[in-house]
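Below is one structure, written out as structure tokens; the observations come after it.
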2 protein chains.
Amino acid sequence: MTDLPQISEQPEPIVLDAIDRAIIARLHDNARIPNIDLAREVGVSPSTCLARVRSLRERGVIIRYTAEINPAALGYTLQALISVRIRPGARHLMEQISDELRTEPEVAQLFFLGGSEDFLIHVRVRDSAHVRQFVLKNLSANPAVALTETNLVFEHHTALSAGLRTVL
Amino acid sequence: MTDLPQISEQPEPIVLDAIDRAIIARLHDNARIPNIDLAREVGVSPSTCLARVRSLRERGVIIRYTAEINPAALGYTLQALISVRIRPGARHLMEQISDELRTEPEVAQLFFLGGSEDFLIHVRVRDSAHVRQFVLKNLSANPAVALTETNLVFEHHTALSAGLRTVL
DNA sequence: GCTGAAATCTACGTTAG
DNA sequence: CTAACGTAGATTTCAGC
């Protein structure tokens, strides 16, 4: 899925009180916590808690609930970051290239960047031959691509979203 | 949380059949789908489905269930990628620096890299002044840091894990 | 908007194929 | 390993504060 556009959204500014933030933090940590337990932990009744969770979902604060999958279990044990520069005359093709890349099963994340590089692609692959093949097929073969640089990922950590640590 | 180490794990190799993969794909899309619906969609009985989901959880295929939170709703509307190079004589401090960075609320992801750069940090911040302050305080002030480079993120896309598209 | 109780539905252990 | 049954407990609606 995609993050929401970062400008000129929010018809009504989203206001979250301490209970909302506590709910968010707990659901981020465990999306399947029973509503009754969640309610007790944040200090409201189950029905109130349910109404708040729904409101958060409807206002787009909670984007979705997802299961984190261990990619190694699926046979993809290697990760790499590939930075890509598009030829200056081909910048109008960036949306199309992005759409094509996102259909490739190896692509885990895609960043559009400002600065000297245009894309950063986070891929999950079987081995180094696989990443080489990915670059050749999906990037080097495209005449709009000016330059690529591949870095292997040794470790990858993800953290709780900003602004939620203090309520845990 | 952290991805599992990428080498020498799996006492027993994890084998997943088509039903397991279908379950994984649906739980990745919606971690809160009722077991009864999940069972119907993948074509097994609810009790069988529940047993499979548990097994996937116990074998570490499903790492956890999490709610994706819209960072913009929390007031963090700007994203940046910061690449960091550590001084060659200070490489032994990398673990310590990593641990310190991960306690900062702005840090969403942290990559340990091979190649010319050592770290890549994905941060979520309020504005450009905030990211500048982050770099000054957490990186430039550290004598082990040789070089940093900050790129603003215009868009960020995340995709379904590799190997699951075909079963959807 | 919050609370508490009633009805519906789900999860999950047990039994059996 | 898989399917069916039964119970305990959760979710969700609704009336009242």
Side-chain angles (χ1 to χ4, degrees), chain A residues 10-70 72-75 163-164 166-168, chain B residues 10-70 72-75 163-164 166-168:
Chain A
Q10 290 154 337
E12 310 173 8
I14 294 174
V15 284
L16 303 175
D17 63 14
I19 295 175
D20 287 325
R21 290 177 185 274
I23 289 173
I24 291 168
R26 279 162 181 78
L27 286 176
H28 185 270
D29 185 57
N30 176 16
R32 285 189 141 192
I33 183 176
N35 182 65
I36 191 171
D37 295 342
L38 179 60
R40 184 164 30 76
E41 289 187 17
V42 304
V44 295
S45 76
S47 51
T48 299
C49 186
L50 192 65
R52 280 180 178 264
V53 171
R54 277 181 154 158
S55 170
L56 290 170
R57 189 85 170 80
E58 285 165 4
R59 287 185 287 170
V61 177
I62 297 171
I63 299 169
R64 66 165 183 171
Y65 304 102
T66 186
E68 272 182 33
I69 306 302
N70 181 356
L74 299 168
L164 294 177
T166 54
V167 295
L168 279 177
Chain B
Q10 290 153 340
E12 309 173 7
I14 294 174
V15 284
L16 303 174
D17 63 14
I19 294 175
D20 287 324
R21 289 176 186 274
I23 289 173
I24 291 168
R26 280 161 181 79
L27 286 177
H28 185 269
D29 186 57
N30 176 16
R32 286 190 138 191
I33 183 174
N35 182 64
I36 191 172
D37 295 342
L38 179 59
R40 184 166 29 78
E41 289 187 17
V42 304
V44 295
S45 78
S47 55
T48 300
C49 186
L50 194 63
R52 281 180 177 265
V53 171
R54 277 181 152 160
S55 169
L56 291 170
R57 189 83 169 81
E58 285 164 4
R59 285 185 287 170
V61 178
I62 296 172
I63 299 168
R64 66 165 183 170
Y65 304 102
T66 185
E68 273 181 31
I69 306 303
N70 181 355
L74 299 169
L164 293 177
T166 54
V167 295
L168 279 179

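Throughout, protein chains are lettered first and strands after them, A, B, ... in sequence-line order, and every chain is numbered starting at 1. It should be emphasised that the depicted structure is a prediction, and the values quoted were computed from it without experimental measurement.
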Query raised in the report: Within this structure, what is the CG-to-C1' distance between Leu38(B) and dA11(C), rounded to whole angstrom?
Result: 13 Å
Query raised in the report: Are any of Arg52(B)'s side-chain N or O atoms less than 4.0 Å away from OP1 or OP2 of dC1(D)?
Result: no
Report task. Scan Leu50(B) against the nucleic acid and name what it touches under 4.0 Å (heavy atoms): base, sugar-phosphate only, or nothing. Result -> base
Report task. May I have the distance from Ile33(B) (atom CD1) to dT11(D) (atom C1'), rounded to whole angstrom? Result -> 16 Å
Query - Under 4.0 angstrom between Thr48(A) side-chain N/O and dC2(C) OP1 or OP2 - result: no
Requested in this report: Starting at atom CZ of Arg32(B), determine the distance to atom P of dC9(C), rounded to an integer number of angstrom.
Outcome: 19 Å
Report task. Could you tell me whether the side chain of Asn70(A) and the main chain of Ile63(B) form a donor-acceptor pair under 3.5 Å? Result -> no
Query raised in the report: Under 4.0 angstrom, heavy atoms only, what part of the nucleic acid is Arg54(B) near: base, sugar-phosphate, or nothing?
Result: sugar-phosphate
Query - Whether over 12 other heavy atoms sit under 6.0 Å from Ile36(B) CD1 - result: no
Requested in this report: Go through dT11(D), dT13(D), dA11(C) for me and flag the one nearest to the Asn35(B) side chain.
Outcome: dA11(C)
Query raised in the report: Should Arg40(B) and Asp37(B) count as an ion pair when the cut-off is N to O under 4.0 Å?
Result: yes
Requested in this report: Find the distance Arg40(B):CZ to dT2(D):C1' and express it as a whole number of Å.
Outcome: 19 Å
Requested in this report: Between dT11(D), dT3(C), dA11(C), spot the one nearest the side chain of Ile36(B), thanks.
Outcome: dA11(C)
Report task. For the side chain of Val44(A), starting at C-beta, report the closest nucleotide among dT11(D), dA4(D), dT3(C). Result -> dT3(C)
Requested in this report: May I ask you to check whether Arg59(B) and Ser55(B) show a side-chain donor-acceptor distance below 3.5 Å?
Outcome: yes
Query raised in the report: Expressed in angstrom and rounded to an integer, what is the separation of Asp20(A) atom CG from dG1(C) atom P?
Result: 11 Å
